[in-house]
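Read through the structure below, which is laid out as structure tokens, and then see the notes.
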Amino acid sequence: MRSLLFSLLMLAVAWTTPVFGAEPLAWQVIANNGDEAPGGAPGDLFRSYNPPGLNTQGVVVFRARAAVLGSSQAGGVYQLDLNGVDPVIKLLFRGDPVPSPNNLGGTYNEFPSTPRIDPNGSLVATRGQHDPVWEYSVGGDEVTRVGTSGIYAFPGGNPTTGASLLGAAVEPDQITLTFPWFSVPETVAGTRFDQFPGAPAVDGDYIIYKGNYTDLNDGLGRTGIFFRDVVGGPPTPYTGMIARSGQEIPGHPGIVFDATAPPSAANGSVYFTGWDFEEDPTFGGIYKAPIAHMPTLETVVGIGDPVPGIPGAQFTNFGEGLSLSSDGTMVAFWGTWGNNTFTKLLECPEDGNPALLAYCNEQHPDGLEVQIPVNQGIFVHDTSTDTTHLISRTGRDDMEDFLFWVFSGRVPGTGGGEEEESEEFARWRSSAYAALSTGNGPPRVAFQAQRDGLAGIYLRERFTSPVALKTIAEVATTPGQLLDPEAPADSYISSVAIERDGFRNGRIAITASMLYIDPIDPEETESWAGLYTAEVPVDGIFADRFEQQ
């Protein structure tokens with residue numbers, strides 16, 4: 001991978017003027033490698049970032065790491081109001097105390113998922129991993145220490161525990177539950193959650209999240225979509241359930257969900273992907289429901305439904321990451337059709353957590369070959385008109401692939417306690433990334449793709465009658481200083497990413513890394529990275545590379 005990237009960037013360096021690329025937007029720096037990370041020690045600078053999310057009012061939330069050269073890595077979850085005068089503020093930082101309940105003084109050690117914000121409000125939520133936070137006695141001298149993961153929200157800017165692994169904790173009488181509101185509903189009383197995979201959704205006063213748990217009736221693992229009100233006063237002894245594995249799939253009597261994906265939510269509506277068998281589904285789709293306990297599920301688009309614009313084609317699978325319009329009526333998603341695949345070689349990354357990199361190379365010393373769907377694309381479904389629109393597909397506009405892979409999870413032998421039992425082992429995972437914007441112009445979709453041998457972020461507007469794709473930013477063709485004046489001179493973007501909440505009201509927010517390679521001595525390099533945002537005008541300022549040819 002490094003040699004390919006070097007080759008592409010060396011080619012870009014050789015160009016006096018790039019053959020193609022994005023026209024300049026009025027980019028604004030959210031945070032970059034020159035900024036001090038709030039919450040850390042003096043001199044702790046930001047050093048790596050996950051793609052940000054934002055709401056319709058221009059408030060950005062993001063996860064980032066920070067470190068002084070030679071020191072241990074730190075980092076946290078941050079927020080910035082793009083319309084205000086205040087700098088980036090810290091929401092949580094590694095080493096911060098976990099909010100109540102916490103009788104052990106447990107502190108955070110990781111934030112494994114990107115934070116999310118209510119599309120139309122200010123509530124933020126994030127997943128957090130930490131030391132055990134609760135100790136209780138179960139008869140005699142036996143002491144149990146529990147609570148190594150949870151979902152934390154910030155009503156009024158103050159952290160509060162929205163979901164936790166404390167649902168089985170009991171009082172000394174060993175009968176009364178200490179925290180019944182953290183228990184899994186619709187199962188044996190006192191069943192606790194095992195883990196909260198993915199990023200929680202936020203809507204109004206609610207967090208909506210995926211939860212894994214062990215069914216005490218049969219000892220088998222289960223999963224589902226749950227919610228809690230984290231604003232309405234003291235802890236309510238109630239966690240709501242929207243859907244779960246074992247529940248009948250709408251429209252398919254006798255066929256049940258085996259798996260559900262982390263949800264998205266907006267304006268009172270929740271969307272999630274569910275399957276009968278996640279690895280090789282026959283039934284399933286994307287489903288919509290109100291934020292209510294055991295609601296009726298509506299099928300938005302299902303496996304076997306026709307693919308728009310492709311006669312005779314039927315959907316065969318859907319991605320986990322769903323991007324919603326702020327009014328909750330439209331959803332952007334990744335989908336596939338047909339059974340044809342091609343082989344892609346995944347190579348372990350060169351930068352990141354040393355233990356994770358070592359485990360990846362131990363498991364896959366020669367890389368890992370995976371099968372990728374030949375026929376895949378980005379789509380939008382409008383529930384108000386019950387219509388699905390094709391945004392972009394492989395085999396058109398030089399699009400090759402919409403999937404991006406990352407090696408993530410827990411390295412065996414690390415963690416401990418509940419985390420040792422419940423956190424998934426590290427493995428290769430794939431995701432597709434698309435972000436839907438409504439308001440301040442026609443509906444528009446920005447998405448990541450590999451296009452003509454390059455990776456980038458592209459955009460289509462007026463998707464009911466598609467015009468040429470627009471290039472937001474592209475590896476090896478977009479100059480680094482186009483986004484950030486502090487980037488090295490003559491650098492080009494070396495990586496770029498967007499999240500499902502990264503495009504609202506015509507404003508886009510991304511993360512990008514830049515690299516300069518000396519054309520005489522390629523081993524001499526300068527790098528830079530940051531988070532960037534810009535208003536995207538309708539129709540006008542882009543120079544699409546196909547229109548230039």
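The first residue in the sequence is number 1, and the count goes up from there. From a predicted model like this one, the values you see are computed outputs, not experimental measurements.
Side chain of Ser323 to backbone of Asp501: no donor-acceptor contact under 3.5 angstrom is found. Of the possible polar contacts, none joining the Lys344 side chain to the Ile372 backbone as a donor-acceptor pair under 3.5 Å is found. A donor-acceptor pair is defined here as one N or O able to donate and one able to accept, closer than 3.5 Å; no such pair exists between the side chain of Ser430 and the backbone of Trp405.
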Exercise for the section: List the steps and the verdict of side-chain hydrogen bond (donor to acceptor under 3.5 Å, both in side chains) for Glu320 and Thr273. Expected result: CA-CA 6 Å; Glu320 294 191 3; Thr273 306; over 6 Å; no
Practice task
Evaluate the criterion side-chain hydrogen bond (donor to acceptor under 3.5 Å, both in side chains) for residue pair Asp118 and Asn120; output intermediate values, then yes/no.
Solution key: CA-CA 5 Å; Asp118 177 6; Asn120 302 295; 4.6 Å; no
Handout entry: CA sep, side-chain torsions, deciding dist, call: Phe193, Phe226, ring-ring contact (aromatic ring centres under 6.0 Å, His included)
Key = CA-CA 11 Å; Phe193 286 102; Phe226 304 88; 4.9 Å; yes
Practice task
Given side-chain hydrogen bond (donor to acceptor under 3.5 Å, both in side chains), test Thr533 with Arg507 step by step and report yes or no.
Solution key: CA-CA 7 Å; Thr533 182; Arg507 174 174 286 279; 2.9 Å; yes
Exercise for the section: Could you give me the CA-CA distance, side-chain angles and deciding distance for Ile208 and Ile242, then say whether side chain to side chain contact (heavy atoms under 4.5 Å, CB included) is met? Expected result: CA-CA 9 Å; Ile208 310 97; Ile242 290 173; 4.0 Å; yes
Exercise for the section: Given side-chain hydrogen bond (donor to acceptor under 3.5 Å, both in side chains), test Gln376 with Asp401 step by step and report yes or no. Expected result: CA-CA 7 Å; Gln376 51 173 295; Asp401 193 5; 2.9 Å; yes
Handout entry: Check against side chain to side chain contact (heavy atoms under 4.5 Å, CB included), Tyr108 and Tyr152
Key = CA-CA 11 Å; Tyr108 290 104; Tyr152 301 92; 3.2 Å; yes
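A perpendicular orientation is assigned to the rings of Phe179 and Trp181, their planes being inclined by more than 60° (bins at 30° and 60°).
Glu347 and His364 share no donor-acceptor pair across their side chains, judged by distance under 3.5 Å alone. For the residue pair Thr316 / Thr336, a side-chain donor-acceptor distance below 3.5 Å is found, with atom types taken as modelled. Asn317 and Trp334 share no donor-acceptor pair across their side chains, judged by distance under 3.5 Å alone. Checking Asp327 against Thr329 by side-chain atom types alone, a donor-acceptor pair falls below 3.5 Å. If you check the side chains of Arg222 and Thr187, you find no donor sitting under 3.5 Å from an acceptor.
Looking only at side-chain heavy atoms (C-beta outward), Phe257 and Thr223 stay at 4.5 Å or farther from each other. The shortest side-chain heavy-atom distance between Leu91 and Pro115 does not fall under the 4.5 Å cut-off. In this structure, Thr178 and Tyr136 have side chains that are not in contact, with every pair of non-hydrogen atoms separated by 4.5 Å or more. A 4.5 Å side-chain heavy-atom check between Phe196 and Leu165 finds at least one atom pair inside the cut-off. Taking 4.5 Å as the limit, some side-chain heavy atom of Tyr287 sits within range of a side-chain heavy atom of Thr299. Taking 4.5 Å as the limit, every side-chain heavy atom of Ile457 sits out of range of all side-chain heavy atoms of Phe447.
Less than 6.0 angstrom separates the ring centroid of Phe407 from the ring centroid of Trp428. For Tyr78 and Phe46, the distance between ring centers is under 6.0 angstrom.
Asn50 is linked by a side chain to side chain donor-acceptor pair (under 3.5 Å) to Arg63, counting only residues two or more places apart in sequence or in another chain. Under the rule for a side chain to side chain donor-acceptor pair (under 3.5 Å), Asp366 has no partner lying at least two apart in sequence or in another chain. Legend: residues meeting salt bridge (Lys or Arg N to Asp or Glu O under 4.0 Å) with Arg47, ordered by chain and number and at least two apart, are absent.
Here Gln195 contributes atom CD and Asn212 contributes atom CG; the two are 7.5 Å apart, rounded to the nearest 0.5 Å. Atom OH of Tyr238 sits about 11.5 Å away from atom CG of Asp229, to the nearest 0.5 Å. For the atom pair CG (Leu54) and CZ (Phe62), the distance works out to 12.5 Å, reported to the nearest 0.5 Å. Between Leu297 atom CG and Ile225 atom CD1 the span is 10.0 Å, to the nearest 0.5 Å.
The salt bridge (charged side-chain N to carboxylate O under 4.0 Å, His left out) contacts involving residues 76-101 comprise Lys90-Asp96, Arg94-Glu110, where partners must be two or more places apart or lie in separate chains. Listed by first then second residue, pairs satisfying salt bridge (charged side-chain N to carboxylate O under 4.0 Å, His left out) with a partner in residues 273-300 number zero, not counting sequence neighbours. Every pair tested for side chain to side chain donor-acceptor pair (under 3.5 Å) that includes a residue from residues 244-257 fails, sequence neighbours excluded, so the list is empty.
Across every non-hydrogen atom of Leu322 and Arg116, the tightest pair is O-NH2, 4.4 Å.
Atom CZ of Phe277 has 12 or fewer neighbouring heavy atoms from other residues, nucleotides or ligands inside a 6.0 Å radius.
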